[in-house]
Amino acid sequence: MNSVRIRNDRARFSVVFGLLSLAAIPVALYSTRLKNVNLPQAVAGEAVAGTLLGLIAFLLARGARYKVERTLSRVGEGTARLGKWLGLLGLCLGLTAALSLAFFGLLLWSE
């Protein structure tokens, strides 16, 4: 019998994008060492990158879970779950950075 190996690439990519969304935080902090980037600009970049990458990871994990439910071998179930949680964490951290930047702008505006 010829066995065909089924892969769930969406599950793998959801983990990759989830890790990238979390990696946006140290990259933003490191970018403040550059001469042309200040802290509010770095936080804004992290807010955009973290939110978008987290959303992509979550949507990829959702598609991977759909594929897991439709196959008998259940390939990628744990990986899709990990990608979903990493994506949600990156999405929440990105939205938190955006919220903190909004409050910072509000404080500057109210002076």
Side-chain angles (χ1 to χ4, degrees):
M1 179 166 194
N2 189 5
S3 93
V4 176
R5 177 133 174 113
I6 299 173
R7 295 186 335 189
N8 197 340
D9 290 330
R10 286 184 183 179
R12 291 180 182 179
F13 282 123
S14 70
V15 171
V16 170
F17 277 98
L19 290 174
L20 284 175
S21 71
L22 295 179
I25 296 168
V27 168
L29 290 177
Y30 182 75
S31 70
T32 59
R33 295 178 180 252
L34 300 174
K35 292 181 181 179
N36 298 334
V37 179
N38 57 17
L39 187 61
Q41 290 172 339
V43 171
E46 191 283 323
V48 171
T51 303
L52 288 179
L53 290 170
L55 183 63
I56 291 170
F58 181 74
L59 292 176
L60 282 171
R62 187 175 175 185
R65 294 283 299 200
Y66 180 78
K67 185 174 182 180
V68 164
E69 291 173 359
R70 300 299 182 259
T71 60
L72 293 175
S73 61
R74 312 287 287 182
V75 174
E77 184 174 14
T79 308
R81 188 177 301 123
L82 177 64
K84 179 183 93 169
W85 287 112
L86 287 174
L88 280 176
L89 182 61
L91 183 66
C92 288
L93 290 175
L95 290 175
T96 302
L99 189 62
S100 68
L101 191 64
F103 278 116
F104 179 70
L106 185 65
L107 286 175
L108 288 179
W109 179 71
S110 67
E111 284 184 346

I need the F58 CZ to W85 CH2 distance, nearest 0.5 Å. 9.0 Å
Answer yes or no: is there a donor N or O on one side and an acceptor on the other, between the side chain of K67 and the main chain of R7, under 3.5 Å? yes
Which heavy atom of L101 sits nearest a heavy atom of P40, and at what distance? CD1-O, 3.7 Å
To the nearest 0.5 Å, what is the distance between CG (L29) and CG (L39)? 7.5 Å
Can you sort out the partners of T96 under side chain to side chain contact (heavy atoms under 4.5 Å, CB included), two or more places apart, ordered by chain and number? none
With a cut-off of 3.5 Å and sequence neighbours excluded, list every side-chain donor-acceptor pair involving residues 21-28.
| from | atom 1 | to | atom 2 | distance (Å) |
| --- | --- | --- | --- | --- |
| S21 | OG | G18 | O | 2.7 |

For the hydrophobic clusters of this structure (ILVMFWY residues joined by side-chain heavy atoms under 4.5 Å, transitively), does one cluster hold both L19 and L82? yes
Report whether V16 and L53 are members of the same hydrophobic cluster (ILVMFWY, side-chain heavy atoms less than 4.5 Å apart, transitive linking). yes
So which of L95, L93, I56 actually passes side-chain contact (heavy atoms from CB on, under 4.5 Å) with T51? L95
Are V43 and F103 in one and the same hydrophobic cluster, where Ile, Leu, Val, Met, Phe, Trp and Tyr link if side-chain heavy atoms are under 4.5 Å apart? no
Minimum-distance pair of heavy atoms, taken over all atoms of S14 and L60: CB-CB, 3.8 Å
N38: partners by side chain to side chain donor-acceptor pair (under 3.5 Å), with sequence neighbours left out: none
Just checking R65: does its CZ atom have more than 12 heavy atoms from other residues, nucleotides or ligands closer to it than 6.0 angstrom? yes
Is L52 reachable from L20 through a run of hydrophobic residues whose side-chain heavy atoms are each under 4.5 Å from the next? no
Derivation and outcome, side chain to side chain contact (heavy atoms under 4.5 Å, CB included), residues R10 and F13: CA-CA 5 Å; R10 286 184 183 179; F13 282 123; 5.9 Å; no
For A80 and A61, work out which heavy atoms get closest and say how close. O-CB, 3.4 Å
Could you tell me if the side chain of D9 sits less than 4.5 Å from the side chain of R12, heavy atoms only? yes
